[in-house]
Structures are given as C-alpha cells and as structure tokens.
Amino acid sequence: MPKQARPGTGEQAKQLALGQLRQAILRGEMAPAQRLVENELAEQFGVTRASIRAALIDLESQGLVERIRNRGSRVRVVTVEEAVAITECRLVLEGLCAAKAAAAVDDEQLGELRGLGTAMRKAVTAGEPLTYSDLNHELHARIREFSGQRTAVELLERLNAQLVRHRFQLALRPGRPQQSLNEHLAMIEAIEARDPQAAEAAVRAHLTSVIEALRD
C-alpha cells in the first residue's frame, strides 16, 4: 500500500499495523526477543504510536508478543517446553481435523493433497529444506481447511503461529525433512483412502515424532 494511502489513525490503522507485524513475525523477519520500539514501528508503517500500541496488545493476546514492565515489548520467546506443550494440543486438534477431512474430502481436494505430496518429495530430493517447510505448512493448512471444523482451525492457527522459530529449526536439522516426508505421505494416503481413523492415527504419529525431535 503506498505510504500516502495508509490510514494514520483509528481502527483501520491498527489493523494495518497488526497485519504487517503479525506477518513479519510469522515469516521470521522479526526474531524472538527482538525489541519492538513503538516510535520506529509507527514511522515504518505510517501510523500513530497509539495504533502500534493497540496492535501490540492484540499480538500479546495471540501469544506472539510479550510486554516487559518498564522495558516495552518484544517478540515472544517460546521455550522448548512450551513448544512441546503446544504440539501436544496440536496432536489432538489436528488429528480431529484429519479424521473430519478423510470423511468429507472430494476428488478435487484429494488432487491438491497429492500435488503437495509430490512437491514435498521434490523439495527433499533437491535438498531445499525451507521450501519443504513451506509445503509442510501448506499441507497441514489444507487438511484443516478440508475438515470443515472451524473451531479447531481457529485454535490451531493461534497455536501454530507461536511455533514459527521451532518449525524453521526442525526443517534445517539434517535428516529431519526425509523422516517428516514419510509421515506426511502417510497422512495423505490415509485421507485418500477416506479412512478417518487411519488419518487421525497418521497425524498423531507425525506430531509425536515432532515432539520427540523438539526434545532432542
């Protein structure tokens, strides 16, 4: 959006700042523990400090930012212990979504999942872990979408947003994408078979593996 077209104040300005800050954190452009200076951010986004402050409060409620007394705000640091606890919650909710997706998926949606599986194989073969990480994220998002379980989807979006740093770290760990690939292909195969129990079991097995990798 051109700078002159940006709203400087009000709810629209807050939403602009909120969206851009959230995306910067999710893309890893703002590192854990990085200070978020209101004046600098207000200038960067062309909004008031009040709009930035309101956006930071919303991001704190989403678990992406932490406000430290007398020191301002920073990108929240998610510990390994917290990442494990979040993934344990994901295991239940994503298992539910996979089961629902297996029962409801249509042929066009299955084609999307197969296409993602093929792209993931190519990324692993080509040694492109960050491309693989993006495809991994997309596959999980599609399964959640196809489930039609909106409450679980909303909860998972909040949980997954807090795991960005750990997701990138796992993607770059030697051998992890190869192991993860087989787990994801098993998920696709179970959904393709329209077997809800197998789909849920495949997702639970995958996320159990993620928990073990986080603890290593």
Side-chain angles (χ1 to χ4, degrees), residues 26 62-63 78-125 128-216:
L26 295 184
Q62 295 174 22
V78 177
T79 66
V80 170
E81 291 77 14
E82 288 176 303
V84 167
I86 290 168
T87 306
E88 287 174 341
C89 295
R90 284 184 61 206
L91 185 149
V92 176
L93 291 169
E94 296 223 26
L96 170 65
C97 286
K100 293 278 189 180
V105 73
D106 62 31
D107 290 343
E108 183 178 349
Q109 292 167 336
L110 282 176
E112 281 192 57
L113 298 183
R114 290 190 202 102
L116 284 167
T118 299
M120 291 169 82
R121 280 195 193 93
K122 290 179 179 177
V124 168
T125 301
E128 298 175 348
L130 293 180
T131 298
Y132 176 80
S133 179
D134 288 342
L135 291 165
N136 173 354
H137 186 68
E138 181 70 13
L139 175 64
H140 282 273
R142 283 287 172 267
I143 292 171
R144 292 194 299 270
E145 177 188 336
F146 298 161
S147 75
Q149 228 295 357
R150 291 179 60 185
T151 300
V153 169
E154 290 171 3
L155 291 168
L156 283 163
E157 284 177 354
R158 177 187 170 100
L159 292 172
N160 285 322
Q162 299 175 55
L163 295 174
V164 173
R165 178 174 68 95
H166 294 282
R167 178 163 64 89
F168 286 143
Q169 288 178 336
L170 286 182
L172 295 171
R173 185 179 297 180
R176 178 62 198 168
Q178 290 86 344
Q179 178 183 355
S180 169
L181 174 62
N182 291 329
E183 296 163 1
H184 286 103
L185 294 178
M187 289 161 48
I188 294 170
E189 182 178 344
I191 294 172
E192 187 175 4
R194 293 184 167 87
D195 186 333
Q197 289 184 329
E200 181 173 3
V203 168
R204 283 176 169 266
H206 164 56
L207 291 174
T208 298
S209 172
V210 170
I211 289 170
E212 292 170 355
L214 286 168
R215 286 176 168 152
D216 282 348

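The basis for the numbers below is simple: all heavy atoms, side chains too, and nothing from hydrogens, waters or symmetry mates.
Atom CG of D134 sits about 6.5 Å away from atom CZ of F168, to the nearest 0.5 Å. Note that CG of L135 and CG of L130 are 11.0 Å apart. Values are rounded to the nearest 0.5 Å. To the nearest 0.5 Å, atoms CD (E212) and OG1 (T87) are separated by 12.0 Å. A distance of 9.5 Å separates CD in E154 from CD in Q149, rounded to the nearest 0.5 Å. Atom OG1 of T118 and atom CG of L185 lie 8.5 Å apart (nearest 0.5 Å). Of the inter-residue distances, the one linking Q162 atom CD with L26 atom CG reads 10.5 Å to the nearest 0.5 angstrom.
C97 and L156 make their closest contact through SG-CD1, 4.0 Å (heavy atoms, listed as atom of the first residue, atom of the second, distance). Between L207 and L91, the shortest heavy-atom contact is CD1-CA, 3.5 Å. Listed here is the closest heavy atom pair of T79 and H166: O-NE2, 3.8 Å. Summarising the geometry of A152 relative to L96, their closest heavy-atom pair is CB-CD2, 4.4 Å, with the distance given to 0.1 Å. Nearest heavy atoms, A171 versus P177: O-CG, 3.4 Å. A102 and A199 get closest at one heavy-atom pair: CB-CB, 3.9 Å.
With a 6.0 Å radius and a threshold of 12 heavy atoms from other residues, nucleotides or ligands, Q62 has its CD atom above the threshold. Other residues, nucleotides and ligands contribute more than 12 heavy atoms inside 6.0 Å of the CD atom of Q179.
The closest side-chain heavy-atom distance from I191 to I188 is not below 4.5 Å. The shortest distance between side-chain heavy atoms of L181 and R121 falls below 4.5 Å. Using a 4.5 Å cut-off on side-chain heavy atoms (C-beta onward), K122 and T131 make no contact. Side-chain atoms of L113 and F146, non-hydrogen and from C-beta on, do get closer than 4.5 Å to each other. Within the 4.5 Å cutoff, side-chain heavy atoms of L139 are placed close to those of I143.
Checked against side chain to side chain contact (heavy atoms under 4.5 Å, CB included), E138 has the following partners two or more places apart in sequence or in another chain: L116, R142. Every residue was checked against the salt bridge (Lys or Arg N to Asp or Glu O under 4.0 Å) condition with D216, not counting sequence neighbours, and none meets it.
Residues in residues 91-101 take part in these side-chain hydrogen bond (donor to acceptor under 3.5 Å, both in side chains) pairs, two or more places apart or across chains: R90-E94, E94-H140.
In this structure, the side chain of H137 does not engage the main chain of R167 through any donor-acceptor pair within 3.5 Å. Side-chain N or O atoms of Q109 include one that pairs as donor or acceptor with a backbone N or O of D106 at under 3.5 Å. Checked by atom type and distance alone, the side chain of S133 never pairs as donor or acceptor with a backbone atom of P129 at under 3.5 Å. Judged by distance alone, the side chain of R173 and the main-chain N or O of A213 form a donor-acceptor pair under 3.5 Å. Under a 3.5 Å cut-off, the side chain of S209 and the backbone N or O of A205 do not form any donor-acceptor pair.
Ion pairing between R150 and E157 fails under the 4.0 Å rule for side-chain N and carboxylate O.
With S180 as the partner, the side chain to side chain donor-acceptor pair (under 3.5 Å) test is satisfied by one option alone out of E183, H184, R176: H184.
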| query | Under the side chain to side chain contact (heavy atoms under 4.5 Å, CB included) criterion, do E145 and V153 qualify, and how do the steps go? | reply | CA-CA 7 Å; E145 177 188 336; V153 169; over 6 Å; no
